[in-house]
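All remarks here apply to the structure that follows.
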Amino acid sequence: MGFLASGNGFYFVFLVLFFITFSSPQVASASSEEVGALLKWKASLENTSRLTLWSLSNNANNSSTPCTWYGVSCNADGSVIGLNLTSSGVTGTLYGLSFSLFPNLAAIDYSMNNFSGIIPPQIGYISKLTYLDLSTNQFSGNIPPEIGLLTNLETLHLVENQLNGSIPKEIGQLRSLSELALYNNHLEGPIPASLGPIPSAFGNLVNLTVLHMFINNLFGHIPQEIGKLKALESLSLHSNKLSGSIPASLGNLSSLSLLHLYNNSLSGPIPEELANLKSITDLELSENQLNGSVPASLGNLSNLEILFLRDNQLSGPIPEELGYLTLLSVLEMDTNQFSGHLPERICQGGKLQNFTVNNNQLTGPIPKSLRNCSSLKRLRLDGNQLTGNVSESLGVYPSLNYVNLDDNNFYGELTENWSRCKQLTTLHIAKNNISGSIPPEFGNSTQLHELDLSLNHIVGEIPKEFGNLNHLWKLDLSNNQLSGSIPQRLESLGELSYLDLSANRLSGSIPTTLGNSLQLFHLNLSSNNISEEIPVQICNLIHLTLLDLSHNKLRGEIPSAISKLQELDRLNLSRNELSGGIPKTFGRMSLLHIDISYNKLQGPIPNSVAFMNASIEALQGNKDLCGNVTGLKPCRNPLAVNKHDPKKSHKLVLMISLPLLGSILLLCAFIALFISYERRKKKPEVEQGDVQDEDVFSISAFEGRAMYDDIVKATNDFDATYCIGKGGFGNVYKAKLQSLDIVAVKKLHSLPELADRKGFIDEVRALTEIRHRNIVKLHGFCSNTRHSFLVFEYLARGSLATILSRDEAAKKMDWPKRVNAIKGVAHALSYMHHDCSQPIVHRDISSNNVLLNSEYEACVSDFGTAKLLKLDSSNWSAVAGTYGYIAPELAYTMKVTEKCDVYSFGVLALEVIKGKHPGDIIPSLTSSSEKLQLKDLVDQRLPSLSPKVEEVKQGNCLDANDVMNAGYMDFSLLYIFLSSLLHNADRDTKIFAEADIHEKEDDTNTINELMVETE
């Protein structure tokens, strides 16, 4: 397989000579041993249609030469010198190939086939081998150390296999090696220092030009010795678990044109010495933990075209010297802590296409060079504090397709210049100080997909010309001062999926034509002056998951056809003038949240989950509602009828008996189904689908093929409208199934790495058998060639992070609920760490992975799936998890244990008590001198705690008597947490799960005893 990124023509020259050689007939006789070895190996292979000529009967004059065979080349003496079967579809192993019988073999290319098994150690017998490519197969096991015997080897490509173990240091003996490519395997361990030219028995790789080992599990430091490989032109170690600093010695690689170190755990500053890489064109250091400022000397890299520094902890100003990089086309510096102004000459070379500095602390105006940068295609400045008149700061960009200016301090009015950017598909200018009206010329931007102008001061009407934006799928104009009516022409936006016009001054009625936007899944028209009735055409929007019409002047009745909105999760009709009864059809919907407060509604509330779980605040302020909800009066008993009217009595008997009889029959059917279900779920079975065109592999308590089909149908083949969350391993979808009601489905970005298939099956089966009230239930796993997904229990209230981020929801989650949530997580961790046959480590405990049911019971989600999806990895890991929850000991030991979960749990506990992530408070807790006020540690949105408990410091923490006298027995948990956090980094959650002290308010000794455990 050719290594196209190597930057030299060696491979192509080699191939030309290679094919000329083996395509020319050879008259001399090859060794009969070589012929016999090839025929014997062919007999062990499958799918050998390309090897039909590998037969003595097909040779001219029945000779023994293989030189005319497909993929075989010979020297002048008829001896085999090359074997090239690339992309031949061959299946088999290398076990049957006797390498020792090919004394003159110089090149092997078996790339892009279906070879499996290990690479045999006997490959070391081919002493003349100069080219070896086994890429894109299914080889597994270790790289044999005998490969170090191939001292003439110039090219070694083993990429895209399933190789594991460490990189053998014997590779350092390959003195002639020019290209070494081992990427996209499961290799682990450190990079051996022997790869560098140091005096040792392992050789001297001074000829190496390409070193690519990315997408593996390599850890440890980058060896300083790599800096002595003076011929190196391309070095890519990205997507591993490397730590430590970037070696300054890399600055010695004067021939280096590509350096990729991104997606590791590298720390420390960017070495000044990298400015010596005069040949560098592509420098990518993103997604690490680099800190400090960017060296101004990087402006000397005159050949640099691509510079990636995003997702680090870099600070200080962006050097003005970067403006001298006249060839620069891509500059990504987002998600750091940069401050100061943007460089004045940032687009001086006129070639900048991609510029992202979002999520920093930048101030000042947009430089003139950026305004005149006609080469721009993608621009992200969002999440800063930039200023300036938006109409004067940016120009016309003929190639621009994406721009995001959200969350800055831009002012001024929108101009028609945006419509002159003919390639523009995404325009975000939300959360600024934009005023004036929306130019009607925006309707000329027919390629526009997303338009977000929310949270500004825009006035005037919504241009009717928006009806021309045929590709628009998201339109957010919320929180402005728009007036007039909603344009009827929005119906022509056939791809519109997200429409938010809330918090404006819109009037008139809801256009009936809006019911033609059949792709809508989010519709928010709240907080306007919209009147008239709710058009029944809205009920045609069957993909809606959110409908908010609250805080308007709507009148009339709620359409009974609203039950057609079967995917609707949230419905808010509050603060209107709606009247009449609530349609009984609500009972057929799967609503989770509803608010109909402050209308003129009357009569009974429907018997549905949303209404039964609704708070009185969501129902209050109506005319005469009744029902079985706390705060509502009960509905009148239907038995209270006229006893003297026999006709009415007979009707009443029928009205009662018939539904009762039907209910009994349904109950019997339900019991039968339930018994069958319980029998089937006792032992999950591994099932293999029998569909010929698309077999389904499943591990489930239910019939796997049926579950797979049901989920694909329920999510419309994983349409984006069903997506309720996104994560590193995959996206999460909500699916309403016939067999399991509502479930959460995590669709994996790619198939799990099934190097250990049996281990994977055992892991999934173990997780499906877990029964714990504080762990989200895993129903099973389904996979085929199109989709692979895990099926989980669905919890109504969503994540703890979402609740704490919303003031109203956070206030409802009072102290008792918060303590119960913390205890629930503790019970889950204790169970998985101590009560399972083999401890299971979560690896990513955070508020995003704690879900709450309708009773605020906490359940830990994604338990065990991190290990499940990386089954062949060991417990040694780079920093894994969510930033801000990662245990400090993991940063230097890199060993994942139960205690890493416990540290994350400690941060989570403090987050629940504080109401937000503790952030900078954690270092203060471990300081011997800093003192914290109680108000710094508790959520100020809830009732205040006793002033008797004033401060916390290391070694003293809180006095137990003060805690008990505070009158808040819940606060004792905070005491235990802080004490354990300050005294012992290797704490254990079991003490939290067993610390049921909240029912023993007067038992101070209980706390003191637990303190001994934590210390």
Does [X] reach the side chain of [Y], with side-chain heavy atoms less than 4.5 Å apart?
X    : Y    : value
L414 : L453 : yes
T425 : E450 : no
L266 : I222 : yes
L400 : L424 : yes
L259 : L253 : no
Y402 : R380 : yes
E188 : S166 : no
I270 : L314 : yes

Side chain of [X], backbone of [Y]: donor and acceptor closer than 3.5 Å?
X    : Y    : answer
S279 : L256 : no
D452 : S454 : yes
N456 : N432 : yes
D807 : R941 : no
R371 : I366 : no
S265 : K241 : no
E179 : L177 : no
Q348 : S369 : no
N336 : Q313 : yes
D382 : L405 : no

query: Going through the checks in order, is the side chain to side chain contact (heavy atoms under 4.5 Å, CB included) test met by N358 and N404?
result: CA-CA 9 Å; N358 49 293; N404 193 331; over 6 Å; no

Please tabulate, for side-chain N and O atoms in residues 293-307, each donor-acceptor pair with protein atoms closer than 3.5 Å (sequence neighbours left out).
residue, atom, partner, partner atom, Å
S297, OG, E272, OE1, 2.8
N300, ND2, S297, O, 3.3
N303, ND2, K278, O, 2.8

When rounded to the nearest 0.5 angstrom, what is the spacing between [atom1] in [X] and [atom2] in [Y]?
X    : Y    : atom1 : atom2 : value
Q385 : Q361 : CD    : CD    : 7.0 Å
Q337 : N359 : CD    : CG    : 11.5 Å
L180 : S234 : CG    : OG    : 11.5 Å
M333 : L362 : CE    : CG    : 9.0 Å
I434 : N408 : CD1   : CG    : 9.5 Å
N263 : S286 : CG    : OG    : 9.5 Å

Identify the two heavy atoms, one from [X] and one from [Y], that lie closest to each other, and give their separation to 0.1 Å.
X    : Y    : answer
N216 : M213 : ND2-O, 3.1 Å
L352 : S375 : O-OG, 2.6 Å
E911 : S847 : OE2-OG, 3.0 Å

message: Testing Y183, F214, F308 one by one against H238 for a ring pair (Phe, Tyr, Trp, His ring centres under 6.0 Å), which residue passes?
response: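 So the option named by the test is F214.
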
- request: Applying salt bridge (charged side-chain N to carboxylate O under 4.0 Å, His left out), run through E287 and R310 and close with a yes or a no.
  value: CA-CA 6 Å; E287 299 173 89; R310 61 181 174 84; 3.7 Å; yes

field: Heavy atoms of other groups near R345 CZ, more than 12 under 6.0 Å
entry: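 No.
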
message: Would you say that more than 12 heavy atoms from the other residues, nucleotides or ligands in this model lie under 6.0 Å from the NZ of K474, or not?
response: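 More than 12 heavy atoms, drawn from other residues, nucleotides or ligands, come within 6.0 Å of this atom.
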
- request: Step by step, work out the side chain to side chain contact (heavy atoms under 4.5 Å, CB included) result for L232 and S255.
  value: CA-CA 6 Å; L232 206 57; S255 299; over 6 Å; no

- request: Would you please say whether a donor-acceptor pair under 3.5 Å links the side chains of S178 and T209?
  value: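 Distance-only check passes for S178 and T209.
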
message: Testing N409, L381, T363 one by one against L386 for a side chain to side chain contact (heavy atoms under 4.5 Å, CB included), which residue passes?
response: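 Among N409, L381, T363, the one meeting side chain to side chain contact (heavy atoms under 4.5 Å, CB included) with L386 is L381.
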
